[in-house]
Amino acid sequence: MQGRKEATIGILALQGAFAEHQIALQNKVDIVLVRTVEDLEKCDALIIPGGESTTIALLARLAGLLEPLRTFLKKKPVWGTCAGAILLSQAVENAKKGGQELLGGFSVTTARNGWGSQIESFEAPLLVDGLRDPNRSFMGVFIRAPVVLSLNPSPHDSPIEIVARLPAGLLPQSQRVVMPDEDDTDPRDPKTIVAMRQGNHFLTTFHPELTKDDRFHEYFVQKCVLPSLK
Ligand code: GLN
């Protein structure tokens, strides 16, 4: 990635893995840790980190950030990782009892903690065509990750581009659709989708910021942020 700082990227810093995103982006772009509406106004794009979606939403409400974030999403690129991906979802299943607030912006339905309670965390190597050095796999770290249930773009929405899938054979046992022969698992099952782009928005159900590999950060800057500034 180039050393010139061509963009200012905000990282929502209310709760969760915001410091790790900051490290991954350091020296590549200007960074603002977003805790107030004034912070958000300085940003060309935003990352919503992993953490706990219900807590992030509650703190965003207390900071008066929920509506400004929804407005921001209508104009500028946003990347949600894990809890951030839940917040960007249009609808979520297995939401916290009593419901939970979402920002929306991405035409997808996800299931919170969708890999089931017994398998809460796992790592899986992902082969991703859109990344630099695509033959080198990217280690996906999934921690109480959401699962993609369906894509629901309306004719007016930007189309959704699938950026990365979990190989069907690596789906956690609880999510295999065809049993018992895993070779029969449908590779087009939406549950295999772990990274996707819709217009300038980007969603990963795993945590690229928890690895030393910066290729997903580079992808967001190159494919979502810089084109939006032209
Ligand atoms: N399960 C968490 C939630 O509901 C997300 C976990 C994560 O971000 N690692 O927000």
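Start at 1 and go down the list; that is how both ligands and their atoms are numbered. Any value given below was found using the heavy atoms of this structure, including those in side chains, with hydrogens, waters and symmetry copies removed.
- Under a 4.0 Å heavy-atom criterion, H207 is in contact with ligand 1.
- Residue G51 holds the heavy atom nearest to atom 5 (C) of ligand 1 of all those in G50, G51, A145.
- Ion pair E218/K28 not flagged as a salt bridge, since none of the NZ, NE, NH1 or NH2 atoms sits closer than 4.0 Å to an Asp/Glu carboxylate oxygen.
- Not one N or O of T81 is nearer than 3.5 Å to an N or O of ligand 1, by distance alone.
- The distance from ligand 1 to the heavy atoms of R112 drops below 4.0 Å at these ligand atoms: 3 (C), 4 (O).
- Salt bridge D214/R132: present, at least one basic N to carboxylate O contact under 4.0 Å.
- Within ligand 1, the atoms closer than 4.0 Å to a non-hydrogen atom of I86 are 3 (C), 4 (O), 10 (O), numbered from 1 in the order shown.
- Residues L46 and L14 are members of one and the same hydrophobic cluster, defined by side-chain heavy-atom contacts under 4.5 angstrom among Ile, Leu, Val, Met, Phe, Trp and Tyr.
- Residue-ligand proximity, R144 to ligand 1, at heavy-atom distances under 4.0 Å covers atoms 1 (N), 2 (C), 5 (C), 6 (C).
- Backbone and side-chain nitrogen or oxygen atoms of C82 are examined, and none is located within less than 3.5 angstrom of a nitrogen or oxygen of ligand 1.
- For ligand 1, the atoms sitting less than 4.0 Å from at least one non-hydrogen atom of I143 are 6 (C), 7 (C), 9 (N), numbered in the order shown with element in parentheses.
- Taking the charged nitrogens against the carboxylate oxygens, R165 and D189 have no contact shorter than 4.0 Å, which rules out a salt bridge.
- For the residues A85, S53, S121, the heavy atom positioned nearest atom 3 (C) of ligand 1 is part of S53.
- The ring of F122 has its center no closer than 6.0 angstrom to the ring center of F206.
- Remark: R215 fails to qualify as a cation-pi partner of F220 under the 6.0 Å distance and 45° angle criteria applied to the six-membered ring.
- A salt bridge links E52 to R112: one of the charged nitrogens lies within less than 4.0 Å of a carboxylate oxygen.
- In terms of N/O distances under 3.5 Å, ligand 1 is approached by N113.
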